[in-house]
Structure formats: C-alpha cells, structure tokens
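Single-structure report; data block below.
Hydrogens, waters and symmetry mates play no part in the numbers below; they use all other heavy atoms, side chains included. Within every chain, numbering begins at 1; the chains are lettered A, B, ... in the order of the sequence lines, protein sequences first and strands thereafter.
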Amino acid sequence: MENKGIADIFTAIADILDIEGENPFRVRSYRNAARTIEDLSQSLESMIKTGMNLEEIPGIGKSIREKIEEIISTGKCHFLEELRAQVPAGLTELLKLEGLGPKKVKALQDQLGVDSVDRLEKAAQAGRLRNLAGMGSRTEEKVLKSIEKYRAGMGRFKLSVGFIYAQALLEYLKEVPGVRRLDPAGSFRRRKETIGDLDILAICAKGCRVMDRFVKYGETAEIIAKGETKSSVRLQCGLQVDVRVLEEESYGAALHYFTGSKAHNVAIRDRAKELGLKISEYGVFDSKDEKRISGAKEEDIFKAVGLPFIPPELREDRGEIQAAEQGKLPRLIELSDIRGDLQMHTTATDGKHSIAEMAEKVKEMGYAYIAITDHSKAVRVAGGLDEKGLARHLKEIDKVAAQVTGVRLLKGVEVDILADGSLDLKDDILQECDVVLAAVHSRFNMEEKEMTRRIIKALKNPNVNILAHPTGRLILEREAYKVNLKEVFQAAFDYGVVLEINAYPDRLDLRDVDARMAKEMGAKLAISTDAHSAAQLELMRFGVYTARRGWIEAKDVINTLPLEELFKFLR
DNA sequence: GCCGTTTTCGGCCCGACTGTTTTCAGTCG
C-alpha cells in the first residue's frame, strides 16, 4: 500500500478514537503519524524492504510501526477493522463538517441515532437538534450551512490562488484609516503548496474600524465570526480569511504563533517550558510570576528559547529546531539568486509566445540565460516536434539568439520518456541541444518497479541533463505516479542528471520534502517555470518557495550559476 | 501512543469565539 493509504488508515483510527472519547493525546499520536507518513519521500514499503527500522522516524513508536508492518504485509489493519465494527461507517465523515467536533458527533449518534451526513441533515431540518444539551436552533442553522459547504467540496487552495486573494485583501485593508501594519501569516507565509485559509494580522490605532470594514469586503459570502480581536469570513470562492488585531508589544509573538506550523509551535513551547518560560501569542512570560519578558518582535521568541531566527518556510517541525540549535540552518535560496530559466515552451509547440517574445520578457527580469525547451512528438496534443521539426526549431533559436542582446538563449528540448524508458528523439539531434530535459507525459499508471526502471533507463542516456517534473503530480488534481524516488535520485546522482523543481504552481514537482532528500543524496537541482507564456515566467517564485521549504541553498541549484559555469556543468 | 542529558512514568500548547448557558463546554487554529 502507498504511504497516502497508510496515512489515511491512521487518520481514520484517530477520528474514531476521538469520537469514542479516547485520551486526546493518543488520538494526536495517530494524527501526527499520519502527517509524518504523508511527508515521507520514500514509500514505507521500500523502507521496510531495505531493512530500515521505522521507529527511527519521529512520532512512530512500537505500536504504529507494528501496524504499518501489518498493513504492508496483509493490506489491512486489524485494529481499524475492530473500531469500524463498533462505529457506523458514516460517523467519521461528520467530523469534516465545520463546527462539529468529536463531542457533538458522539452526542448526535447516542441521542438521535445520527450516523451520516444525510441523517444529520434530516434531523436538523426537523428541528431535533435543539433537544440536545448545548445545542439550539442556531446550531441547526449552522449545521445545515456546513453540510451545504461540505457538499460543495470546499477544501484547500493552491498557494498561487492564495496570493491573488491575499494581495487584493491587503490592498483593501491598507486603506482603512488607523491600520498601521498588516502581515499574512499561516501556511501562506510558510509558502505551503496549498493553503486551507488565509490569516492576516494587523496593528491598528485605537478606535480603528478594521473589523467592520473587513466583514464588508466585496467578495465576502458569509461572516463566520466577528469580534474585537478576531474575525472570520468566507469569500465567494470558498476561501476562509481570518483577521486578527494585535497590540504592538505582542505582535512578534502573534506573528510567530499564527505562522505556525502547529507542530513547530508545540515544539517551541515545549522548549520554552523546559527553560521556565511560557510562550503564547501575547509574548514570552516567566512561568512562575507570569511576568512578561518580550514579544514585540518575532526574533524575541527564538531568542527566548536560545535559537537563531528560523525562516517561516522551515517551520514544520522537520528538524529545523535541532538544526538551529546546532547552528546548521541552511542559507536558503532566494529569488534573486536565480540567473535563468531552464524550461519553457513557445509557439513551436503549445506555448503562447514566440522565442523572441520570451527572450524580451526575461530581459526585463534581468536573467542571464534561458533554455527554450519545446515538447517532442510523443506529446501529440501539444504538437510535439519530431527530429526534423526540432532541427528547424534549433536553427530558429540560433537565429533569434543572434538578434537578442543581454540574454543568452540555450537550445533545448523536453524529450518524452517512452513507456520502455527509451527517448522520443534520436541521440544525434539531442546532441545538438545545449540542454535536454527528459519527462514522463504518458502511461502514468505503471507499477512502481516498472516506472522506476523506465525513468532510470532514460537517465542513463548521456544526452539527458535534467529530469523534468519527476513525479508527474498535479496539486489537488492528480496524484504522483508510483516511483521509487530514492532509486531515481541515486541514479540521477550517479549519472550526473539534475532534478527539476518545476515552479508551475499546479505542479511544484519535486515536492519540498522530496527536493530535500535529493539534496541530501548529493543530487543537483534546477528550478524552472515550464512557462507556456511570457507572463508565466514570473512563476519562478513558487519554485523558489518550494525549494526553500526543502532546505535548498543557492549552491544546490544549477540555474543560480553564471552562464560560463552553467555551460561547464552541462558539458 | 510517543517520548526522555532532570523522567521508562507522567507528562503532552494555549487562547478566542460561539452558542447556550447563568459560568462553561466545544470547536478551532
């Protein structure tokens, strides 16, 4: 079974135990394990095969290791099946409804026999919820609304979508008289590939009407909560936005707190506790006399627990606190380190703009070089080039290059990796290229072994420089194909092939955690936009964010090199 | 259920808002 499936099993266990009123810390253990497993770069199955002790993974102890082993060897988890025998199948689904937690779900089942979303809807419509302790007619209204939203399938949003709404909202709130400072926090600030909601922090003058204005924002569909320090709305697109108003003296503590991640915060607070301190969103306090020590600046929080500043992108409790403690935090790559873009498409295949138009755009951006990398013939829908077509196209690139000053155009291609691992174009034409990207665009549903063999065979071709979007996933749309990344990264290292972090916001492929493993295995990376228009060349930042989340430094990335060094490297 | 250079037992982050309550439990982040 894939990691995702195993993580889902532990989430299901946690949900049922939660409803059953189990020790909340035991519940949390299962949830933590599920999260950890989803973040792994390697399948648990292959980890077991190579003899690794799963208990070395933080958050996985004896009990969960045994369950993983059972799931992998039998495909089932006995414990979950036992739990499911006690609890109606639809019950855990109710937890997904906003405003319903384990206690209410339990009461609904015990007292009204509600065990599914449909039955809950009927009970609420019939006005039967108000008979329960702690519930009233407002609860019924909220439940019906939650069901409607749930059915509409509102979930997470791509980071790039978050950027669009965040920018517009910040512009709007900035205009409110008395607003002194605004910062987005949360997973948006950590640049996570998807965001569940948008958190905005504010400092305001006394009497500022920021909350009144916020809930009147033009795209507000629903006001979820409105208070003096915290308000929440849902926008028409379904995105929830929270605004929090804070005092200047505690702003840093709040910024840290609301940036998260939750796991990072727990670890920081745990550490504070050991030092006799208490950290909350209001500041750093002495545990004994509750006296306030600091908290105006975000740095204060780290200083209080004896650590240097940790960049938001690293705050996932993936070892950043230990690294900070040992002075081993990476010097994360920045957008300004990028000197060129090594994947883009033109009108020769499925791009919107010509070679010259792409070149003009990157001149504005100040790049030293770009590679033009159109598709090969296997990608029919994109009008991929055959050998002859590519030969003509390479000449065209040379012609345009002769007319363009200030930026060097590299001749490239994104050649398809066919089902058997051979390449879609002959070697002699690939040799004409400065950069050859290889990529999978078909037959996604192979078995892991077959897919791994296919990709590694392609990497062995000495003409291949970069493996493009190595897992093929589309965020929120398509799962990655099954492939043993550890073996692929090893092959990439052995054959000197660079691994791409595709910056296109729907891809971000490699993922953050995968890029980190690639780096740790010694492989080099390239961050490329895969732009299909001139405007999309600006998407580079999303690739850089992903790289930063993967602990990547400028020296790990080949398109931070000056042109001459890049050439040397590619040869 | 996990974890440990104070611990192998006894901890496990902390506060705002809501709705239904007369002082708080539940949910959320």
Side-chain angles (χ1 to χ4, degrees), chain A residues 10 13-14 17-19 21-36 54-68 79 94-108 129-143 145-146 185-188 190 195-201 211 223-233 240-246 250 253-254 256-285 287 290 301 305 317 325:
Chain A
F10 291 129
I13 290 174
L17 292 178
D18 216 356
I19 293 169
E22 235 320 329
N23 175 355
F25 299 107
R26 188 178 176 210
V27 174
R28 196 166 81 184
S29 296
Y30 282 108
R31 295 204 193 283
N32 282 343
R35 184 184 73 99
T36 303
L54 300 183
E55 287 186 45
E56 284 169 22
I57 303 169
I60 293 182
K62 181 165 177 284
S63 169
I64 291 183
R65 171 185 56 79
E66 284 173 355
K67 290 188 179 70
I68 294 170
F79 183 52
L94 298 180
L95 286 177
K96 292 185 185 153
L97 297 173
E98 196 179 289
L100 282 194
K103 298 289 192 297
K104 282 187 185 160
V105 169
K106 175 78 173 155
L108 286 167
L129 265 51
R130 64 189 71 177
N131 303 328
L132 271 55
M135 297 193 207
S137 56
R138 292 273 295 137
T139 316
E140 285 165 359
E141 277 172 45
K142 283 191 76 172
V143 160
K145 260 192 191 168
S146 294
S187 46
F188 178 85
R190 301 200 311 280
I195 60 168
D197 60 14
L198 191 57
D199 296 299
I200 298 175
L201 307 188
M211 291 310 198
I223 300 168
I224 299 167
K226 181 168 178 273
E228 271 178 46
T229 63
K230 184 199 162 179
S231 298
S232 295
V233 307
Q240 181 178 326
V241 185
D242 298 347
V243 169
R244 293 181 162 86
V245 174
L246 300 144
S250 58
H256 178 263
Y257 178 68
F258 289 112
T259 296
S261 65
K262 197 169 176 172
H264 169 89
N265 287 351
V266 169
I268 290 283
R269 288 184 179 198
D270 195 38
R271 195 179 160 90
K273 220 170 174 182
E274 284 168 21
L275 297 168
L277 301 169
K278 191 187 80 173
I279 292 177
S280 76
E281 58 261 51
Y282 296 108
V284 181
F285 300 87
S287 303
E290 298 279 308
I301 305 302
V305 294
D317 193 27
E325 192 170 38

Within this structure, what is the [atom1]-to-[atom2] distance between [X] and [N], rounded to whole angstrom?
| X | N | atom1 | atom2 | answer |
| --- | --- | --- | --- | --- |
| A:E274 | B:dT7 | CD | C1' | 11 Å |
| A:I279 | B:dC14 | CD1 | C1' | 12 Å |
| A:Q240 | B:dT27 | CD | P | 16 Å |
| A:F25 | B:dC9 | CZ | C1' | 15 Å |
| A:L54 | B:dC2 | CG | P | 12 Å |
| A:I60 | B:dG1 | CD1 | P | 14 Å |
| A:R28 | B:dC28 | CZ | C1' | 15 Å |
| A:R244 | B:dG29 | CZ | P | 9 Å |

Select base, sugar-phosphate, or nothing to describe what [X] touches, counting heavy atoms under 4.0 Å on all strands.
| X | answer |
| --- | --- |
| A:S137 | sugar-phosphate |
| A:Y257 | base |
| A:I268 | nothing |
| A:E22 | nothing |
| A:P24 | nothing |
| A:K262 | base |
| A:L97 | sugar-phosphate |
| A:N32 | nothing |
| A:R26 | base |

Look only at the side chain of [X] and the backbone of [Y], and say whether a donor-acceptor pair between them is shorter than 3.5 Å.
| X | Y | result |
| --- | --- | --- |
| A:E140 | A:R130 | yes |
| A:S232 | A:A225 | no |
| A:R190 | A:T259 | yes |

Take A:L277 and A:G136, find for each the nucleotide of DNA chain B with the closest heavy atom, and name the residue whose nucleotide sits nearer the 5' end.
A:L277
DNA chain B nearest-nucleotide lookup for A:L95 and A:E140: closer to the 5′ end is A:E140
Taking the same atom, [atom1], in [N] and in [M], what whole-Å distance lies between them?
| N | M | atom1 | result |
| --- | --- | --- | --- |
| B:dG15 | B:dC9 | P | 31 Å |
| B:dA25 | B:dT20 | C1' | 10 Å |
| B:dC2 | B:dT6 | P | 24 Å |
| B:dT5 | B:dG1 | C1' | 24 Å |
| B:dT21 | B:dG26 | C1' | 13 Å |
| B:dC14 | B:dT7 | C1' | 24 Å |
| B:dG11 | B:dA16 | P | 26 Å |
| B:dT8 | B:dC13 | C1' | 24 Å |

Is the phosphate of [N] approached by [X] (side-chain N or O, under 4.0 Å from OP1 or OP2)?
| X | N | result |
| --- | --- | --- |
| A:K67 | B:dG1 | yes |
| A:S231 | B:dC17 | no |
| A:Y30 | B:dC2 | no |
| A:K142 | B:dG26 | no |
| A:R269 | B:dC13 | no |
| A:T139 | B:dG19 | no |

So which of A:D199, A:I224, A:L198 actually passes side-chain contact (heavy atoms from CB on, under 4.5 Å) with A:D242?
A:D199
Determine the sole option in A:N265, A:I301, A:D270 for which the side-chain contact (heavy atoms from CB on, under 4.5 Å) test with A:I279 is passed.
A:I301
For the residue pair A:K67 and A:S63, confirm or rule out a side-chain donor-acceptor distance under 3.5 Å.
yes
Closest listed nucleotide, where the reference is the side chain of [X] and the choices are [options]:
| X | options | result |
| --- | --- | --- |
| A:S280 | B:dG15, B:dG1, B:dT20 | B:dG15 |
| A:K104 | B:dG29, B:dT27, B:dC2 | B:dT27 |
| A:R138 | B:dC17, B:dC12, B:dT20 | B:dT20 |

Provide the closest heavy-atom pair for A:M135 versus A:L129 in the form atom of the first, atom of the second, distance.
CB-O, 3.5 Å
What one should report as the nearest heavy-atom pair of A:S187 and A:G196 is OG-N, 4.1 Å
Should B:dT7 be called syn or anti, with syn set as within 90° of 0?
syn
Using purine N1 to pyrimidine N3 plus N6-O4 or O6-N4 for Watson-Crick, or N1-O2 and O6-N3 for G-U wobble, each under 3.5 Å, what pairs with B:dC9?
B:dG4
Can you check whether any acceptor in the base of B:dG29 is under 3.5 Å from a donor in the side chain of A:D242, or vice versa?
no
